[in-house]
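Predicted model only: the values in this text are computed from it and were never measured. Basis for what follows: all heavy atoms, side chains included, without hydrogens, waters or symmetry-related copies. Letters A, B, ... mirror the listed sequences (proteins, then strands); counts begin at 1.
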Number of protein chains: 2
Amino acid sequence: MNRSKITLADIAETAGVSPATVSRVLNGDPRVATDRVERVNRAIKELGYSPNRAARTLVTGKTGLVAAVIDSNLNVFSDPFWGQITTGISQALQEANFSALLMVRPLDVDDPSVVASLAPGQVDGAIFFQLHNDDTVNLLQDMGLPLVVVGRPEASSKLVYVDSDNLGGAVQATEHLIARGCRTVATVAGNQQLSSGRLRLEGYRRALVDADVAFDESLVAYGDWTDESGAAAMGTLLDSRPDIDGVFVANDLMALGVMTVLEQRGLKVPDQIAVVGFDNMFAGRLGRQQLTTVEQDVQGLGAKAASMVIQMIDGGKPSSVVLPTSLIVRETA
Amino acid sequence: MNRSKITLADIAETAGVSPATVSRVLNGDPRVATDRVERVNRAIKELGYSPNRAARTLVTGKTGLVAAVIDSNLNVFSDPFWGQITTGISQALQEANFSALLMVRPLDVDDPSVVASLAPGQVDGAIFFQLHNDDTVNLLQDMGLPLVVVGRPEASSKLVYVDSDNLGGAVQATEHLIARGCRTVATVAGNQQLSSGRLRLEGYRRALVDADVAFDESLVAYGDWTDESGAAAMGTLLDSRPDIDGVFVANDLMALGVMTVLEQRGLKVPDQIAVVGFDNMFAGRLGRQQLTTVEQDVQGLGAKAASMVIQMIDGGKPSSVVLPTSLIVRETA
DNA sequence: TCTTCTCCTGAAAGCGTTTTCACGCGCTCA
DNA sequence: TGAGCGCGTGAAAACGCTTTCAGGAGAAGA
């Protein structure tokens, strides 16, 4: 049970070879004679040895660590996707023998601590989540840190990102509503501080324009992604525009609120008013129906981000990626 | 911009002192003359130096890392709490100058890789999430790894854990139903593989017994935490026992399904049937009402786990903790 | 047979810190 | 005034690994 201190030297001794040889075996150097490889591996297994990361890092300069950085000012906390994304990241990193370092920090203040934690030599790369401002990230990039952003940075930014096709998904959703015959299509938009919120609204607008329908401000209401805010937004919308016969809701949680309001007002879904959500968060029914929604591959988002960062660490220059979304037609539209 | 290689030796040189002195300043050794401290700090700022973790780890033997380990066989992924817990952990660790290492791995197979990643010297401590089997964890504990479990391990286990008061919360919820006059209280239980599922069911049972109501198997249906399964369970329940006038649902997502079914069947909530959930996941309305539910402090759970692990790293022997839950009475019961 | 390669191996340097140890200095206390 | 003390400092060893370098043993070529 005293695994306390088994070093490479120990196993060199019991295997009767030099430390250098052990190191070579560990790193798969093909030049070592097979019988020695055998002896070394046996010794490793026997003594239950595992190499000391710190020592290895010290000489190679590679930490084997990739940081996943979340702006704590952002409430991604309660987002159910957060778990899936981190899972995607963690597993993809793991397969490439990296570990994920989790950092939930305020990014907007000029906090030197986050920069220090990510300075060269501390981690090999980093993945940032949808940020308010890019300053810190740009600084780190200039310092030579391989990094990718999950979500969409400012258009002018040079940052490499990976994102779901929020725009395309919103277009699909809205087109679907138009195609099924809705004449007055409204939207409950999400937080416009976030690129996902902006793009889903823009997709709605674009689909309308493409269908030669004028964009009408009075058909847009804003929520903050919560079910509550969705309900409130839908209420406002209906009060001013009772003629609405279709609504694209920027996420499923708000759609939950929307469905509730529609039921309270006795509006039949989808006959009187059709509803499309975004996220595919609920497998089951919302009110009387199953929600038609846009699905995104959240775990894939994380995995992609991880593989891109690894690519950059290996000296590659991957370009930004937008992952496709797909419309899942169920009962509400 | 060439932060590439600034070492302690560099700043020793520009400050005109020995490396040893710089190290002492870095570690707040009080014995260094104030003017030298001043000189050193100036040099540090000037050169933008930050100490190399690996080198430090190598000599001190402390990594400054705490692993957060999740069984990937478990689908905590989609659990919205996962984000909050990790946030709690990450922030609490950060305050104590530790970093969180995220590991999503299969724990039930005899995977040596997870043990190797957590062997002494790789991390200072670990936090495990509700596990199916304790073998790996016990092994690591025997190897001297400071660790705490989030969730409830087997009763016989020696593991230190932190958990919400699932039992107490369920008792509260059920008592509330009884107190408001429900005569036939059913429950939609969660996954019985998980301690939370078992304890919430047990709490329901205990509250009944305490109120001198016989526990009746036909009033129990099982779901798997999803809204779909909640709806199915409630349907089954009502088919066999139309006399039910109150139901404790083991989580809010299933309660969402339950509410839908009740509405479909035209049952008035809470007059004909009262509903209490668990988790306080939805701020808004479910169907026509706002859900009465049991709230747990998820982020606090993570923070507590982190502080306990730190305590253990510092040589302490914290005992297990059960965090209180509270009943939030709204409209459905 | 003697050189020249090739192949495998070990010795040793070095990665950037912390920490022990010893030293010199200026005091205080007999 | 001399012994002793505490304090601040630097030299150097150590942490566990990788990697360069050089050497020894054969094999191949002359």
Side-chain angles (χ1 to χ4, degrees), chain A residues 2-41 43-44 47-65 97 116-117 119-124, chain B residues 2-41 43-44 47-65 97 116-117 119-124:
Chain A
N2 62 343
R3 312 260 193 170
S4 24
K5 293 285 152 192
I6 299 160
T7 77
L8 177 146
D10 294 333
I11 91 118
E13 189 174 357
T14 68
V17 300
S18 76
T21 298
V22 177
S23 173
R24 284 192 264 260
V25 171
L26 249 36
N27 296 293
D29 189 317
R31 299 175 311 182
V32 182
T34 43
D35 61 321
R36 291 183 174 231
V37 173
E38 166 64 18
R39 286 222 307 277
V40 168
N41 280 329
I44 288 179
L47 301 193
Y49 165 78
S50 67
N52 179 311
R53 251 202 216 233
R56 186 173 280 186
T57 296
L58 189 55
V59 43
T60 60
K62 321 233 107 253
T63 60
L65 258 33
N97 276 312
S117 317
Q122 312 296 52
V123 298
D124 293 342
Chain B
N2 62 344
R3 312 259 195 171
S4 23
K5 293 283 154 194
I6 297 160
T7 77
L8 177 147
D10 294 334
I11 92 118
E13 189 175 357
T14 68
V17 300
S18 78
T21 298
V22 177
S23 174
R24 284 192 263 259
V25 171
L26 250 35
N27 295 293
D29 188 317
R31 298 174 311 180
V32 182
T34 43
D35 60 323
R36 292 182 172 229
V37 173
E38 166 64 17
R39 286 222 306 279
V40 168
N41 280 328
I44 289 179
L47 301 193
Y49 164 79
S50 68
N52 179 312
R53 253 208 217 225
R56 185 174 280 186
T57 295
L58 189 55
V59 41
T60 59
K62 319 233 108 252
T63 61
L65 258 34
N97 274 312
S117 317
Q122 311 296 53
V123 298
D124 293 341

| field | Closest non-hydrogen atom pair, A:T14 against A:A43 | value | OG1-CB, 3.4 Å

| query | Phosphate oxygens OP1/OP2 of D:dG16: is one of them under 4.0 Å from a side-chain N or O of A:T7? | reply | no

| task | Under 4.0 Å between any heavy atoms, over every strand shown, what does A:V32 touch: base, sugar-phosphate, or nothing? Just pick one. | result | sugar-phosphate

| request: Output the single nucleotide from C:dT17, C:dC15, D:dT19 whose closest atom is nearest the side chain of A:S23. | output: D:dT19

| request: Would you mind reporting whether B:L65 and B:R53 have side-chain heavy atoms less than 4.5 Å apart? | output: yes

| message | Taking any heavy-atom pair under 4.0 Å as a contact, classify B:A20: base, sugar-phosphate, or nothing. | response | base

| Over how many whole Å does the gap from B:I11 atom CD1 to C:dG16 atom C1' extend? | 13 Å

| Passing candidate, side-chain contact (heavy atoms from CB on, under 4.5 Å) with A:V32, options A:V22, A:T21, A:V17 | A:T21

| note | Rounded to whole Å, NZ of A:K62 lies from P of C:dG16 at a distance of 15 Å

| message | At less than 4.0 Å, is any side-chain N or O atom of B:T21 found next to OP1 or OP2 of D:dG10? Yes or no. | response | yes

| request: Respond yes when some side-chain nitrogen or oxygen of B:R56 is under 4.0 Å from OP1 or OP2 of C:dT18, and no when none is. | output: yes

| task | Determine whether A:I44 and A:L26 make a side-chain contact, defined as any pair of heavy atoms from C-beta on separated by less than 4.5 Å. | result | yes

| task | Compare side-chain N and O positions of B:R36 against OP1 and OP2 of D:dG10 and report whether any pair is under 4.0 Å apart. | result | yes

| field | B:N52 side chain near C:dC15 phosphate (N/O to OP1/OP2, under 4.0 Å) | value | no

| Atom CG of B:D29 to atom P of D:dG6: distance rounded to whole Å? | 17 Å

| 5' precedence on DNA chain D between A:R31 and A:L8 (nearest-nucleotide basis) | A:L8

| said: Given D:dT19, D:dC17, C:dT18, identify the nucleotide with an atom nearest to the side chain of B:N27. | reply: C:dT18

| said: Please find the pair of heavy atoms, one from A:S50 and one from B:A116, that lie closest to each other, and give the distance. | reply: OG-O, 4.1 Å

| task | Find the distance B:R24:CZ to C:dT18:P and express it as a whole number of Å. | result | 11 Å

| query | Any idea which of C:dT18, D:dT18, C:dG10 is nearest the A:V17 side chain? | reply | C:dG10

